[in-house]
Amino acid sequence: MVKLRTYFLTGFVICAPLAITIWLTLAFMNWVDSWVTPYIPDRYNPDNYLAVSVPGFGLLVALFLITLVGFLTANLVGRTVVGWGERLVGRMPLVRTLYTALKQIFETVFADHSSSFKTAALIEYPRKGLWSIALVATTAKGEIADAFHGREMIAVFLPPTPNPTSGFLIYVPKEDVRILDMRVEDAMKLIVSAGIVGPEGERTLTQAEASKLVETRAAAE
């Protein structure tokens with residue numbers, strides 16, 4: 001009975017991450033398809049010619065259109081059209097504020113020269129002696145920088161466990177930020193797993209290693 005339980009847990013360790021990854025991938029593809037597919041003309045939609053639905057076709061169309069927009073924007077005509085559209089949006093009171101904020105966020109995060117959220121660090125939070133993992137955003141600028149009278153401050157994002165999508169923006173003195181060598185991906189794994197999966201956990205376990213890990217834990221119980 002113990003071996004049967006061990007075999008089940010071993011299989012679970014192997015299959016669960018794979019199943020969850022496939023499920024999340026398909027869910028994202030279906031979500032994009034639900035937005036894009038209704039706008040595809042019927043004669044270009046493969047679902048109208050095939051007996052089964054083609055998952056991910058809407059995602060491919062979205063990627064193509066986004067790339068096409070980037071290509072067109074790179075020339076003079078595209079920049080002119082985009083500038084005209086931004087001036088139009090700038091005349092809408094509520095929409096203008098939302099668009100400007102979102103544009104600044106995306107330009108800061110995805111700019112090639114930007115280092116935002118590409119560095120993991122440790123800060124003392126919520127009190128002295130307790131350390132939390134944070135992501136370095138940028139240095140304080142403008143009015144916020146002036147408020148510290150020349151003292152260099154670093155804006156860091158503190159993601160909570162296990163949901164890193166919400167969190168806190170904290171300004172910390174530069175000398176109090178301990179930069180880590182680990183990749184941001186490893187830091188996020190550490191946060192989401194509540195410390196279970198560390199930087200050394202990036203390599204996927206083989207079946208033999210997973211079996212040995214399960215047997216060790218079963219014997220300890």
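Residue numbers count from 1 along this sequence. These numbers were taken from a predicted model, which means no experiment stands behind them.
- Linking ILVMFWY residues whenever their side-chain heavy atoms come closer than 4.5 Å, directly or via other members, places Phe64 and Trp31 in the same cluster.
- No more than 12 heavy atoms of other residues, nucleotides or ligands lie within 6.0 Å of CG in Asp181, so this atom counts as exposed by the packing criterion.
- Looking at Trp84 and Leu88, their side chains come closer than 4.5 Å, going by heavy atoms from C-beta outward.
- Annotation: side chain of Tyr125 is in contact with side chain of Ile170 (closest heavy-atom distance under 4.5 Å).
- With a 4.5 Å cut-off on side-chain heavy atoms, Pro173 and Arg151 count as touching.
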*Could you walk me through whether Leu135 and Met188 pass the side-chain contact (heavy atoms from CB on, under 4.5 Å) check?*
CA-CA 9 Å; Leu135 304 181; Met188 295 304 293; 4.0 Å; yes

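- Cluster membership check: Leu98 does not share its hydrophobic cluster with Val89, using side-chain heavy-atom separations under 4.5 Å among Ile, Leu, Val, Met, Phe, Trp and Tyr.
- Among all heavy-atom pairs drawn from Pro160 and Ile191, the shortest one is O-CG2, 3.5 Å.
- In terms of heavy-atom proximity, Ala140 sits nearest to Ile144 at CB-CG2, 4.1 Å.
- Using a 4.5 Å cut-off between side-chain heavy atoms of Ile, Leu, Val, Met, Phe, Trp and Tyr, with links allowed through other members, Val172 and Phe148 fall into different hydrophobic clusters.
- Between the side chain of Thr161 and the backbone N or O of Val192, no donor-acceptor pair lies under 3.5 Å.
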*Apply side-chain contact (heavy atoms from CB on, under 4.5 Å) to the pair Ile14 and Leu18, showing each step before the final yes or no.*
CA-CA 7 Å; Ile14 300 298; Leu18 179 62; over 6 Å; no

*Carefully, step by step, assess Tyr49 and Arg43 under the rule side-chain contact (heavy atoms from CB on, under 4.5 Å).*
CA-CA 9 Å; Tyr49 305 100; Arg43 59 180 177 177; 3.7 Å; yes

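- Contact record, Val136 with Ala121: CG2-CB, 3.9 Å, taken as the closest heavy-atom pair.
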_Run Glu86 and Arg91 through salt bridge (Lys or Arg N to Asp or Glu O under 4.0 Å) and show every step you take._
CA-CA 9 Å; Glu86 289 184 340; Arg91 298 177 181 177; over 6 Å; no

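- Checking Leu180, Val156, Ile154, Ile179 one by one against Thr119, the side chain to side chain contact (heavy atoms under 4.5 Å, CB included) holds for a single residue, Ile179.
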_Run the side-chain contact (heavy atoms from CB on, under 4.5 Å) test on Asp186 and Arg183 for me, step by step, so that the C-alpha distance in whole Å, both residues' side-chain angles and the decisive distance to 0.1 Å come before the verdict._
CA-CA 5 Å; Asp186 293 332; Arg183 301 183 307 170; 3.6 Å; yes

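- Within a 6.0 Å sphere centred on CH2 of Trp131, heavy atoms belonging to other residues, nucleotides or ligands number more than 12.
- Phe28 is not connected to Ile66 by any chain of hydrophobic side-chain contacts under 4.5 Å among Ile, Leu, Val, Met, Phe, Trp and Tyr, and they are in different clusters.
- Separating the CZ atom in Phe157 from the CD1 atom in Ile133 is a distance of 13.5 Å, to the nearest 0.5 Å.
- Between Phe57 and Thr37 the shortest side-chain heavy-atom distance does not fall below 4.5 Å.
- Between Thr100 and Arg96, the closest heavy-atom pair is OG1-O, 2.8 Å.
- Taking OG from Ser34 and CE from Met29, the interatomic distance works out to 12.0 Å, rounded to the nearest 0.5 Å.
- Minimum heavy-atom separation, Ala155 to Leu169: CB-CD1, 4.0 Å.
- Side-chain atoms of Asn45 do not come within 3.5 Å of backbone N or O of Ile40 as any donor-acceptor pair.
- One hydrophobic cluster, built from ILVMFWY side chains closer than 4.5 Å, cannot hold both Tyr171 and Leu158; they sit in different ones.
- Distance check: Asp176 CG to Met153 CE gives 8.0 Å after rounding to the nearest 0.5 Å.
- For the atom pair Ile123 CD1 and Ser132 OG, the distance stands at 6.0 Å (nearest 0.5 Å).
- Within a 6.0 Å sphere centred on CD of Glu175, heavy atoms belonging to other residues, nucleotides or ligands number more than 12.
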